[in-house]
Amino acid sequence: MKTVWISDILNGKHDGQKVELKGWVKRSRGSNKIRFIVLRDSTGSIQCVAKRDSVGDECFENIKSALIESSLIIHGEANPDERADGGYEIIVDSVEIVGPVNPETPFPITESAMAAADGGETEFLLDNRHLYLRTTRMTTMLKLRSTVFGAIHSYFRDLDFIEYQAPNFVAGAVEGGSTLFEVPYFGRKAYLTQSWQLYAEAAMPALERLYTIAPSFRAEKSRTRRHLTEFWHAEMEVAWADNQEIMSYGEGVVRKIAGSLLDERSEELASLGRDLDVIGRYADSKYPRMRYDEAVETLQGLGVEIEWGQDLDYSKEKILTQDFDVPHFLTHYPKIAKPFYHRVDPDDDKYVLCHDLLAPEGYGEIIGGGERTWSEEEILARIDEEGTPREPYQFYIDTRTYGGVPHGGFGLGVDRVCSWLSGADHIREVIPFPRDSRRVTP
RNA sequence: GCCGAUUUAGCUUAGUUGGUGGAGCGUGGGACUGUUAAUCCCAAGGUCAUGGGUUCGAGCCCCAUAAUCGGCGCCA
């Protein structure tokens with residue numbers, strides 16, 4: 001007999017047919033004469049009804065013994081039925097328990113554990129993440145996440161970008177050295193990469209338009225809802241592009257992600273309580289661009305204490321973005337607030353040609369990017385100015401020595417985008433096994 | 001790194017002025033012919049995070065430690 005997907009039954013594709021279902025027990029209830037099993041597979045869940053009279057005593061007792069998360073193969077007839085949640089149910093002919101659950105070790109993710117988390121997480125659920133993944137909420141998050149990754153790939157590939165991979169073991173830092181994970185490397189020290197960018201710049205003269213989605217690692221002891229020590233970083237680099245052009249790619253990919261979620265996952269978004277009109281606005285709007293100076297003035301006008309030259313920390317981002325209804329770009333930060341690879345604005349050397357994209361609803365920065373310092377003379381000056389050693393960056397400097405060209409790119413925090421668009425309370429909710437300063441297990 | 005909080009059964013929790021810890025979920029047994037987190041009855045299940053201290057007596061008061069959670073800095 002043909003195994004069918006539960007979603008296909010719920011879509012009415014098997015009305016009145018004898019079908020085989022393979023899945024796991026989501027819930028089980030009933031009396032001495034009739035038993036209801038809510039079976040789930042990766043596509044959905046459906047009520048299966050077994051009557052003692054029709055399945056026989058032995059099968060009925062078997063069904064009663066199938067605890068939550070037992071895996072089953074069920075044969076039966078698919079029928080529309082108003083009494084069943086979802087409008088369809090299976091009239092059971094037979095049940096085979098494939099993987100039983102021992103009553104002495106029942107599935108630990110109970111209703112009470114879920115209710116306490118209130119759509120978020122608790123220590124217990126984090127400790128049992130490998131099992132929590134099976135719940136509707138986590139499954140929904142993982143499906144949204146898959147769509148986000150797919151949308152990023154489609155966006156860049158449709159524009160003829162080349163997907164390009166950089167090493168994860170590296171010798172030097174992109175950001176400040178204090179946030180590097182050091183790993184022993186055959187008697188030497190190596191580090192886990194913080195960004196694909198420097199290696200992408202090396203390939204920029206060869207491929208011109210390149211992108212990746214890869215993990216980045218940062219040893220920040222951050223305890224916030226926006227930080228992970230291992231996060232998924234979508235980065236891109238383009239030859240001959242200026243800051244404005246790079247921003248248009250950033251806007252393009254975020255709009256594409258929002259649009260793909262609406263097209264492919266509107267049901268899941270709605271189940272999380274997401275307003276589809278809001279997601280639609282993110283997919284269809286232009287994202288305004290604002291200079292750093294303007295942001296500082298706005299904040300000062302709101303009575304926020306901030307001096308020119310200070311980087312915008314989260315508390316200020318939050319105030320700034322609270323009235324935004326779409327993401328905004330912030331450009332032209334002071335040179336002193338940014339690392340050496342940002343290109344100094346030729347019109348005013350107090351600034352660099354960079355941008356951050358700030359998401360609304362209090363989610364903050366999701367993209368950081370800009371033009372790169374591209375002439376050999378300038379890159380050497382800026383490296384020395386910051387007191388950064390030249391040696392680990394020799395390959396990076398060589399990129400400029402041999403036919404340097406204007407170029408730029410950005411990095412997008414994929415998990416942050418997932419968190420924002422799904423409306424999650426914490427970035428941990430959108431990644432299967434989150435890593436932060438306190439947790440590397442399970 | 002800084003600030004704040006939490007820790008009682010497998011899970012979620014109540015616990016009064018300090019006087020030998022109650023419940024719900026889950027599990028086991030029983031009842032029930034259609035349930036929707038089914039319902040009803042019964043049972044098992046606790047060194048109250050760890051280590052000290054105060055006290056005739058500590059889940060409760062004090063100190064230390066640990067783990068965890070939240071916020072900040074830093075960033076994607």
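Convention: sequence-line order gives letters A, B, ...; per-chain numbering from 1. Quantities reported herein were computed from a predicted structural model and do not represent experimental measurements.
The aromatic ring of A:F231 sits over the base of B:A76, with ring centres less than 5.5 Å apart and planes inclined by under 30°.
Remark: C1' of B:G29 and CG of A:N32 are 13 Å apart, rounded to the nearest angstrom. One atom, CD of A:E121, and another, C1' of B:C11, lie 17 Å apart when rounded to the nearest Å. Taking atom CG of A:N102 as the reference point, atom P of B:G26 lies 18 Å away to the nearest angstrom.
Dashed line: the shortest gap from a side-chain N or O of A:S315 to OP1 or OP2 of B:G73 is under 4.0 Å. Residue A:R226 places none of its side-chain N or O atoms closer than 4.0 Å to OP1 or OP2 of B:G71. The side chain of A:R29 contributes no N or O atom lying less than 4.0 Å from OP1 or OP2 of B:U39.
With both pairing distances under 3.5 Å, B:A5 is matched to B:U68 as a Watson-Crick or G-U wobble pair. B:G24 and B:C11 make up a base pair, with Watson-Crick or G-U wobble contacts both under 3.5 Å. With a cut-off of 3.5 Å on both pairing distances, the Watson-Crick or G-U wobble partner of B:A31 is B:U39. Across all strands shown, B:G45 forms no Watson-Crick or G-U wobble pair with both key distances under 3.5 Å. Pair assignment for B:G59: none, as no Watson-Crick or G-U wobble contacts are both less than 3.5 Å. For B:C75, there is no paired base (Watson-Crick or G-U wobble, both distances below 3.5 Å).
Under 4.0 Å is where a charged nitrogen must lie from a carboxylate oxygen, and between A:R274 and A:E361 at least one such pair does. With salt bridges taken as basic N to acidic carboxylate O contacts below 4.0 Å, one links A:E121 and A:R129.
The gap from the C1' atom of B:C60 to that of B:U7 amounts to 14 Å, rounded to the nearest Å. If you take atom C1' in B:A44 and the same atom in B:U27, they sit 9 Å apart, rounded to whole Å. B:A23 and B:C75 are spaced 46 Å apart, taking the C1' atom of each and rounding to whole Å.
Between the side chain of A:T179 and the base of B:C74 there is no donor-acceptor pair of N/O atoms closer than 3.5 Å. Interface remark: the A:E220 side chain does not form any donor-acceptor pair with the B:G1 base, using a distance-only criterion of under 3.5 Å. For a distance-only test at 3.5 Å, the side chain of A:S31 fails to qualify as a donor-acceptor partner of the base of B:G34. If you check distances only, the side chain of A:R416 does reach the base of B:C75 with a donor-acceptor pair under 3.5 Å. Checked by distance alone, A:E123 brings no side-chain donor or acceptor within 3.5 Å of a matching partner on the base of B:U7.
Across B:C72, B:U68, B:U12, the shortest atom-to-atom separation from the side chain of A:R439 is found for B:U68. Distances were taken from every side-chain heavy atom of A:S112 (C-beta onward) to each of B:C25, B:U33, B:G70; the shortest belongs to B:C25. Among the nucleotides B:G34, B:A76, B:C25, the one closest to the side chain of A:E111 is B:C25. Distances were taken from every side-chain heavy atom of A:I34 (C-beta onward) to each of B:G71, B:G26, B:G34; the shortest belongs to B:G34. The side chain of A:L67 lies closest to B:G28 when the candidates are B:C74, B:G28, B:C75.
Here the two rings, on A:W308 and A:Y351, have centers that are under 6.0 Å apart.
Across all strands, A:F124 comes closer than 4.0 Å only to sugar-phosphate atoms, never to a base (heavy-atom distances). Residue A:I367 is in sugar-phosphate contact alone, with no base atom involved, counting any heavy-atom pair closer than 4.0 Å across all strands shown.
Minimum interatomic distance between A:H355 and A:I246 (heavy atoms only, all atoms of both residues): CE1-CG2, 3.4 Å.
Side-chain contact between A:T212 and A:H233 is absent, with no heavy-atom pair separated by less than 4.5 Å.
With A:Y211 as the fixed residue, the ring pair (Phe, Tyr, Trp, His ring centres under 6.0 Å) test singles out one of A:F156, A:Y164, A:Y249: A:F156.
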